[in-house]
2 protein chains.
Amino acid sequence: MTVFDVAVWKDGRVRMLDQRRLPSDEIYHDYVSAAEVAQAIRDMVVRGAPAIGCAAAFGVAVEAFRLAREGLPASWSLAMDPAMRQLRAARPTAVNLAWALDRMQPLLAGEPAGVPERLLAEAEAIHREDIASCRAMGAAGAAILPIPVGGRPLAIMTHCNAGALATAGYGTALGVIRAARDRFGAVRVYATETRPYLQGARLTAWELLHDGFDVTLMTDSMAGHAMSRGLVDVVVVGADRVAANGDVANKIGTYAHAVLAKRHGIPFLVACPLSTIDLNTPTGAQIPIEERSEEEVTHFSGQRVAPHGVRVFNPAFDVTPAELIAALVTEKGVVHSPDAVGIRGLFRS
Amino acid sequence: MTVFDVAVWKDGRVRMLDQRRLPSDEIYHDYVSAAEVAQAIRDMVVRGAPAIGCAAAFGVAVEAFRLAREGLPASWSLAMDPAMRQLRAARPTAVNLAWALDRMQPLLAGEPAGVPERLLAEAEAIHREDIASCRAMGAAGAAILPIPVGGRPLAIMTHCNAGALATAGYGTALGVIRAARDRFGAVRVYATETRPYLQGARLTAWELLHDGFDVTLMTDSMAGHAMSRGLVDVVVVGADRVAANGDVANKIGTYAHAVLAKRHGIPFLVACPLSTIDLNTPTGAQIPIEERSEEEVTHFSGQRVAPHGVRVFNPAFDVTPAELIAALVTEKGVVHSPDAVGIRGLFRS
């Protein structure tokens, strides 16, 4: 398995691979404050719900070490409050960000001495647990994949990048794909390019080629045609937030793929850790959908492709209703035909 | 109405607007042989089924004048055969190309003197009739649009460019949109960018802004989300070939939009002239789907966005089954819930 330094602790700093520069350049940045980490999250140096959670956790730790160098604060909670808010506001849709910060928060209230070290240990634990959870998810997902027929490898379509690059490592949807290769010997992957940010073309294709996969790239608009021609056996995607009833917010375009998969009788799987499930959000209708800048649509590699004066609609995510999802794959097991009851069950086990 | 020199006769040459350079540059090229015109069609200087038909017809005329300058051939049919083949092979999916050439062909068999002039007159007639047919289509389509409710203008989504730029002028789908504005006073247009070639971003947005429309651009992957949020009242697209049973081949991505429109109870209209309907193709399954070069997907404005070594799937069109189409809008009237019987009826009227 390839491990990329998506968001790691390195020599007292937060090191991140600049995913905006892939696939042409593999460049790392080191961050020394929560403000810098929040900015990097906003600017999509790092992206993918679990990876954002890890980055934010390390952002809390690096900020505490920074403050400690100026002297031990009377109240860590108070001293860290601006940083916690800044990190929490960096991206609105992914729930792992809030989840990771909620996990760090109680450590601020303990014995003031040693807080930075305990925050770092917690961030490292989040990072370690994320890799373990991706591996568990991969195994659980691979076990329920359809057996390939007709002598050709199982053809798995994925959207955006829910890979090692979107997590601490291994990946959620791409974790299932990695485990599928372990199970079947070979798989064929169809990656949608994922406009406007091209996570599929730039990140998924790069990450999977790096690990020797057979990857075919297509535009988002080609998924329906590929399905109608029988090229796709199963769809596996990640999630940015799952509501209590099983509705899934994920990268824009996911919903269309799910509707098309349903029409063609192709199983549509969503792989995500429990930290992505938000029991406080009853349904997809309550998930805030981030709208991003017009330039992501009107420009390409800095070059304008649309005329001046055009309005732009640029939602970063959409909501796929639970009824379109064959199974939710988590580190605690699989929920078939996910609904509120099945999802609550995951948290009891 | 704006008229662009999409494909016209100018001073003994075929003049075409280079649509590959839009929206940044408005550049025209003049062609003096069928080989040049065929190459321009292949390279997508001109695109859009009706516009390709016009360009090919003028290509036949310009070739005849070129040959006539070298002396009157014994047999025009024989002399023009290589040129006719070259033009016919330029793009495989759009049927108007073959339709226009079939209309020119008989003129080669007549009295040898005056053949170039008669070919030119026929090409001009094709061009003139195309504009008239677009206007008739626009009126017929606008008449069946839903009445806007809730105080906001009717919101019409379109895909690719079935506009003045895809025809001799006025447009098919965009002709319906132009006529809709005449009917309702104002409309709101959602244009999908249409990867990989960005006809929506580059051409539809440009053409409609040029005529003062309210245009909102989005990526193809956002159509489902826009529909789920109630932003779209009706979808109108063009066609590259319609089979005898009403199945429609159109720009890749059309099928997904049709499936999504069906799910949301949004009428899905296809506007095209009778010359786009191919009664010799029984169903969509028999329509050849052109696959284009990998670079259209892996590169953007000459810059590579996908990693080396990735495979590419790049079909230029897909097939939307007739069951998803609320109405087929032609210059001879509208066929609701199109099927073989309704379509044959158009040709009898």
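Letters go in sequence order (proteins before strands), and every chain restarts at 1.
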### side chain to side chain contact (heavy atoms under 4.5 Å, CB included) between B:E294 and A:L217, worked out
CA-CA 9 Å; B:E294 301 196 349; A:L217 180 66; over 6 Å; no

### Query
Could you go step by step and tell me if A:T219 and B:E296 meet the side chain to side chain contact (heavy atoms under 4.5 Å, CB included) rule?
CA-CA 10 Å; A:T219 68; B:E296 285 187 358; over 6 Å; no

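Looking at B:L22, there are no atoms closer than 4.5 Å to chain A (heavy atoms on both sides), in backbone or side chain. Only the backbone of A:F317 comes within contact range of chain B, judged by heavy atoms closer than 4.5 Å. The contact between B:D220 and chain A is made entirely by side chain atoms (from C-beta outward), counting heavy-atom distances below 4.5 Å. Interface remark: B:R229 contributes side-chain atoms only to the contact with chain A (heavy atom separation under 4.5 Å). Of the two parts of A:A226, the backbone and the side chain both hold a non-hydrogen atom closer than 4.5 Å to a non-hydrogen atom of chain B. Proximity to chain B is absent for every atom of A:L203, based on heavy atoms less than 4.5 angstrom apart. Of the atoms belonging to B:H308, it is backbone heavy atoms, and not side-chain ones, that fall under 4.5 Å from chain A. Contacts of B:L208 with chain A are absent, with no heavy-atom separation under 4.5 Å from either backbone or side chain.
Of the listed residues A:T298, A:V319, A:D214, the one with more heavy-atom pairs under 4.5 angstrom with chain B than any other is A:D214. Put simply, of A:V259, A:V305, A:N314, the one with the most heavy-atom pairs under 4.5 Å next to chain B is A:V305. Note: B:L209 leads B:I289, B:L209, B:D318 in heavy-atom pairs under 4.5 Å with chain A. The most heavy-atom pairs under 4.5 Å with chain B, out of A:E193, A:M218, A:R304, A:M227, come from A:E193.
A heavy-atom distance below 4.5 Å is found between the side chains of B:H225 and A:I252. In this structure the side chain of B:W206 never reaches within 4.5 angstrom of the side chain of A:V310, judged on heavy atoms. The shortest side-chain heavy-atom distance between A:T216 and B:V312 does not fall under the 4.5 Å cut-off. In this structure the side chain of A:P196 reaches within 4.5 angstrom of the side chain of B:M222, judged on heavy atoms.
Nearest heavy atoms, A:A256 versus B:L260: CB-CD1, 3.7 Å. Of all heavy-atom pairs between A:P307 and B:P23, the closest is N-CG, 3.8 Å.
For B:R311, the CZ atom counts as loosely surrounded, since its 6.0 Å shell holds 12 or fewer non-hydrogen atoms of other residues, nucleotides or ligands.
Within the model, atoms OG of A:S24 and CD of B:Q303 stand 7.0 Å from one another, a figure rounded to the nearest 0.5 Å. Taking CZ of B:R195 as the reference point, atom CZ of A:R195 lies at 6.5 Å (rounded to 0.5 Å).
Judged as a salt bridge (charged side-chain N to carboxylate O under 4.0 Å, His left out), the pairs with a partner in residues 257-272 of chain B (not counting sequence neighbours) are, in order, A:E323-B:R263.
Relative ring orientation between B:Y190 and A:F313 is described as perpendicular, the plane-to-plane angle rising above 60° on a 0-90° scale split at 30° and 60°.
At a heavy-atom separation below 4.5 angstrom, chain A is approached by no residue within residues 234-247 of chain B.
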